Amino acid sequence: MSFDPIVNVPVKTSYIEIKGTIDLVSAALQIDPGVAIDSGNFVPEITGGAKRIGGYERYDGHVSPSDQTYWVATVDTTSLLAVGNTITGVTSAKTAVVLYIESATVAIVTRNSGTFTPGETLNVGGAPKAVLTTMTEQGTTTQTKNVTYTALAADEYRADISAVPGEGNVLGIWNYQGTVVAFRNNVGSTACRMYKATSSGWVQVTGGGIPALVASGRYEFVNYNFSGASTGMKMYGCDGKNKAFSWDGTTYTEITTTGSPETPQHIAVNKNRLFLTINGSVFISAPADPMGTWVAASGAGEIGVGDVISGMTTLPGNNETGALAIYGRNKTAILYGASTATWNVGNVAIDAGAIAYTMQYVGGAFALDDRGVSSLTAVQQFGNFAAASISKAVQPYIDARVNLAIASSVLRSQDQYRLYFTDGTGLAFRITNGQSNAVMPFTYLNAVTCICSGENTNGEEVVYFGSTNGMVYQAEKGTSFDGSAIDAWLRLSFNAERGPTINKKWRRAILEADIPSYASISMAYEMDYADGSFPIVALQTSTQEGGGGYWDSFTWDEFTWDSPIVGLPKFQLSGSSQNISLLFTSNDALSLPFTLQSVVLHYTPRRIKR
């Protein structure tokens with residue numbers, strides 16, 4: 001790309017920090033230039049900026065598609081090879097599958113069964129098709145080729161991964177000590193089945209005391225060690241249709257409370273006791289003994305809260321200061337105390353509750369109510385007033401979806417609280433010191449029906465969600481939405497550079513972005529609130545590789561990074577106006593998450609518009 005020189009004109013520069021948040025309600029002149037007025041599939045980055053959301057891919061215990069690899073096979077000729085061929089080395093007897101024909105002498109292959117012998121003949125269906133020169137794992141020369149061939153290998157292996165057997169939604173998903181467990185109705189929905197992910201796919205959990213499970217519940221779980229021994233960790237769950245239970249990886253044991261019906265809907269652990277809810281009552285186990293008798297003589301108890309309970313959140317603290325937030329659909333209460341002698345329920349708000357499955361603790365307790373997302377601190381301070389909401393900037397978005405709320409999760413590595421809706425959309429809130437300071441919307445192609453976050457056996461954060469098609473997906477994994485492109489865009493507010501009635505000659509924009517390895521991003525701009533007074537001017541192209549695109553009404557500058565850098569691409573702007581809005585987009589299945597950090601604008605002030 002070439003740029004017109006800027007000489008002998010009074011050029012000003014303006015640094016705009018991209019805030020990683022969106023504002024759908026404020027007046028145009030009140031919105032910070034670094035705040036978005038429209039976005040999708042960008043989320044607030046923990047260190048600032050807007051980060052393209054991570055991908056997700058199907059999971060059943062097999063090696064993840066994006067973790068598979070490819071080989072570069074150099075041969076005498078590829079003229080007799082075709083994509084999908086299984087090649088067999090005549091000498092080595094090893095096999096591989098052709099993914100792509102790169103050139104007359106290079107083929108990209110995967111599913112290698114072992115080491116091929118250089119110089120051997122490669123057969124397809126028993127007939128010779130080529131002679132191998134070399135076979136090199138991930139032996140490409142550019143990052144663009146590497147991500148392309150890695151994606152092709154992922155596509156090849158993706159078909160090996162199956163849905164949880166049965167029909168309908170995945171009803172529950174949980175990570176128990178590195179084993180992923182899922183619940184789904186059988187075909188015909190006459191019963192529910194429990195499955196665990198293994199290296200060969202989903203395996204039904206049978207025996208070990210597991211009873212016939214009533215179909216169509218909605219599961220909640222906790223992992224906890226009540227024994228104090230290093231090997232005492234168990235998984236506890238309930239679903240509103242069956243008795244609560246514990247599972248230690250082998251034995252499934254039902255839990256009997258004194259409630260009726262004996263079908264708890266929500267579960268929590270607090271002060272070494274198991275808490276279960278049935279309609280408007282909280283049932284509390286004896287200390288460290290959820291499998292014992294739930295009667296007062298053993299130290300167990302029951303507390304009514306005067307509303308149908310929609311969930312609970314454990315608030316941190318020691319045995320004296322810790323507490324349990326109990327949410328009804330229309331009220332919020334806190335349970336204090338540590339025993340039947342000291343338990344005390346205090347109503348925090350009598351007209352502000354929470355929607356089931358939206359409660360999470362991220363340095364503070366957060367939940368969705370009809371008025372928006374509230375922190376418990378805000379509810380305590382403001383009660384049932386709108387000021388309790390921390391989501392006012394996206395209230396129109398929430399108002400359109402509040403009745404679609406289905407799940408929530410925490411991404412601890414990103415300090416995020418996320419909400420999910422049945423239409424596949426969601427909101428990501430960045431939480432700092434227990435308060436939200438940024439929020440952005442996203443859209444999954446596969447709607448979440450249940451979700452869990454935890455750690456794998458290496459101590460790394462992992463997130464899994466179930467969907468309407470019976471698939472389980474691992475979130476924040478790979479470069480795509482299970483093989484499909486991630487369509488992401490970020491439109492900054494109209495920036496008047498503190499002179500809303502002054503015309504400016506826009507000259508140049510410089511984007512700062514953190515790119516881990518590869519990204520393809522496009523940019524366009526509009527002027528004067530997109531009122532139609534100014535045509536979209538074609539942008540010159542600054543291209544290292546690749547491309548992108550978005551709405552047909554824009555002409556784009558396109559650029560691609562293929563190495564880990566902090567990028568500073570420059571774009572020449574054209575036109576004069578009172579304000580300008582920049583729009584960035586990415587739409588591919590190859591880019592790892594990247595972060596848009598800031599923009600520097602070059603412009604020249606002109607006259608006051610009359």
Side-chain angles (χ1 to χ4, degrees), residues 55 57 62-161 478-480 482-486 515-521 541 543-548 558-565 586-592 594:
E57 55 189 20
H62 282 97
V63 176
S64 297
S66 64
D67 291 334
Q68 301 289 358
T69 190
Y70 65 88
W71 283 258
V72 178
T74 304
V75 296
D76 63 333
T77 179
T78 59
S79 61
L80 300 178
L81 296 176
V83 172
N85 284 166
T86 297
I87 58 174
T88 302
V90 171
T91 303
S92 65
K94 303 305 180 183
T95 61
V97 173
V98 178
L99 284 176
Y100 182 73
I101 304 299
E102 182 180 288
S103 69
T105 57
V106 176
I108 309 302
V109 302
T110 193
R111 293 192 186 272
N112 288 33
S113 64
T115 303
F116 284 76
T117 302
E120 69 177 323
T121 298
L122 301 178
N123 283 359
V124 176
K129 299 295 183 180
V131 176
L132 179 68
T133 303
T134 60
M135 182 82 77
T136 307
E137 186 173 6
Q138 292 186 313
T140 58
T141 57
T142 69
Q143 185 66 12
T144 300
K145 288 183 178 180
N146 180 56
V147 297
T148 300
Y149 299 155
T150 298
L152 289 174
D155 290 341
E156 169 68 23
Y157 282 91
R158 190 169 285 111
D160 295 346
I161 298 175
T479 61
S480 69
D482 197 40
S484 297
I486 300 175
I515 311 298
S517 63
Y518 172 93
S520 178
I521 308 172
T541 300
T543 302
Q544 281 136 338
E545 287 184 76
E558 302 170 342
F559 52 96
T560 301
W561 289 274
D562 65 355
S563 60
I565 59 171
S586 174
N587 189 4
D588 65 61
L590 303 177
S591 298
L592 287 167
F594 56 86

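Note that the coordinates shown come from a computational prediction; the quantities given were computed from them, not determined experimentally.
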Can you tell me how far the CG atom of Leu122 sits from the NZ atom of Lys94, to the nearest 0.5 Å?
14.0 Å
Whether the side chain of Thr479 engages the backbone of Leu592 through a donor-acceptor N/O pair (distance < 3.5 Å, no angle test) should be reported.
no
Nearest 0.5 Å, please: how far is OG1 in Thr140 from CG in Asn146?
4.5 Å
Could you tell me which residues satisfy side-chain contact (heavy atoms from CB on, under 4.5 Å) with Thr86, sequence neighbours excluded, listed by chain and number?
Thr95, Val97
Which heavy-atom pair separates Gly126 from Asn123 by the least distance, and what is that distance?
O-ND2, 3.6 Å
Go through the side-chain N and O atoms of Glu57 and Ser66 and say whether any donor and acceptor fall under 3.5 Å apart.
yes
Which residue pairs pass the ring pair (Phe, Tyr, Trp, His ring centres under 6.0 Å) test with at least one member in residues 137-161, sequence neighbours excluded?
Tyr70-Tyr149, Tyr100-Tyr149
From Lys129 NZ over to Thr88 OG1, what is the distance, rounded to the nearest 0.5 angstrom?
12.5 Å
For residues Leu590 and Ala151, report the shortest heavy-atom separation together with the two atoms involved.
CD2-CB, 3.5 Å
Taking all heavy atoms of Phe116 and all of Pro118, pick out the closest pair and write down the distance.
O-CD, 3.6 Å
Going from CD1 on Ile161 to NE2 on His62, what distance comes out if it is rounded to the nearest 0.5 angstrom?
7.0 Å
Okay, side chain of Asp76, backbone of Val131: is any donor-acceptor separation there less than 3.5 Å?
yes
Quick check: do Met135 and Thr115 have side-chain heavy atoms less than 4.5 Å from each other?
no
Flag side-chain contact, heavy atom, 4.5 Å: Lys145 against Val72
no
Distance, nearest 0.5 Å, that separates CD1 of Ile521 from CG of Asn587:
12.5 Å
Spell out, as yes or no, whether a donor-acceptor pair under 3.5 Å connects the side chain of Thr78 to the backbone of Leu81.
no
Between Thr69 and Glu137, does any side-chain donor sit less than 3.5 Å from a side-chain acceptor?
yes
Ser520 backbone acceptor or donor facing Ser586 side chain under 3.5 Å
yes
Check for a donor-acceptor pair, side chain of Glu156 on one end and backbone N or O of Thr110 on the other, with a separation under 3.5 Å.
no
Taking all heavy atoms of Ala82 and all of Asn85, pick out the closest pair and write down the distance.
N-OD1, 2.8 Å
On a heavy-atom basis, the closest approach of Leu80 and Pro128 is CD1-O, 4.5 Å
Any idea which heavy atoms bring Ser591 and Ala519 closest together, and the distance?
OG-CA, 3.3 Å
Would you compute the distance between atom CG of Leu132 and atom OG1 of Thr117 and round it to the nearest 0.5 angstrom?
8.5 Å
